[in-house]
Amino acid sequence: MSEFAPICIYLVISLLVSLIPLGVPFPFSSNTSTYPEKLSAYECGFDPFGDARSRFDIRFYLVSILFIILDPEVTFFFPWAVPLNKIDPFGSWSMMAFLLILTIGFLYEWKRGASDRE
């Protein structure tokens with residue numbers, strides 16, 4: 001058990017370091033200053049009108065999904081671009097294949113009109 005003592009101490013300290021900042025604000029907070037104007041919704045200085053839970057067009061979700069799919073390309077480009085003068089032909093051609101796949105996906109998206117706004 002003595003060989004696990006540093007791990008247990010580390011776990012206890014890490015729990016304290018993470019839980020203490022969560023609990024510190026509660027003794028200093030007060031709920032006595034809550035009044036209806038403070039609890040009401042605020043919409044650009046105007047009283048809210050309409051339902052805040054309106055439905056979004058499916059294109060918003062499609063654009064976000066396309067962003068999530070195409071955004072990791074940066075993580076693939078960076079390690080390739082930093083040592084660009086030291087990459088062998090296999091590395092260059094594999095990145096060209098990756099770019100070709102991305103280009104085909106972009107052209108397919110463009111042809112289907114996924115990013116068109118109406």
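Throughout, numbering of the chain's residues begins at 1 and tracks the sequence. Quantities reported herein were computed from a predicted structural model and do not represent experimental measurements.
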For Phe98, which residues count as a ring-ring contact (aromatic ring centres under 6.0 Å, His included) partner, sequence neighbours excluded? Phe76, Phe77
Atom of [X], atom of [Y] and distance for their closest heavy-atom approach:
X     : Y     : value
Pro6  : Ser2  : CD-O, 3.9 Å
Pro25 : Leu22 : CD-O, 3.7 Å
Pro27 : Gly23 : CD-O, 3.3 Å

If you round to the nearest 0.5 Å, how far is [atom2] of [Y] from [atom1] of [X]?
X     : Y      : atom1 : atom2 : result
Phe4  : Ile9   : CZ    : CD1   : 13.5 Å
Leu99 : Ser94  : CG    : OG    : 10.0 Å
Met96 : Ile101 : CE    : CD1   : 13.0 Å

Does Phe90 sit in a hydrophobic cluster with other residues, and if so which ones, taking ILVMFWY side chains as linked at heavy-atom separations under 4.5 Å, directly or through other members? none
Got a sec, which hydrophobics cluster with Val24, joining ILVMFWY side chains under 4.5 Å apart, including via others? Val12, Leu16, Ile20, Phe28
Is the shortest side-chain heavy-atom distance between Tyr10 and Ile7 below 4.5 Å? no
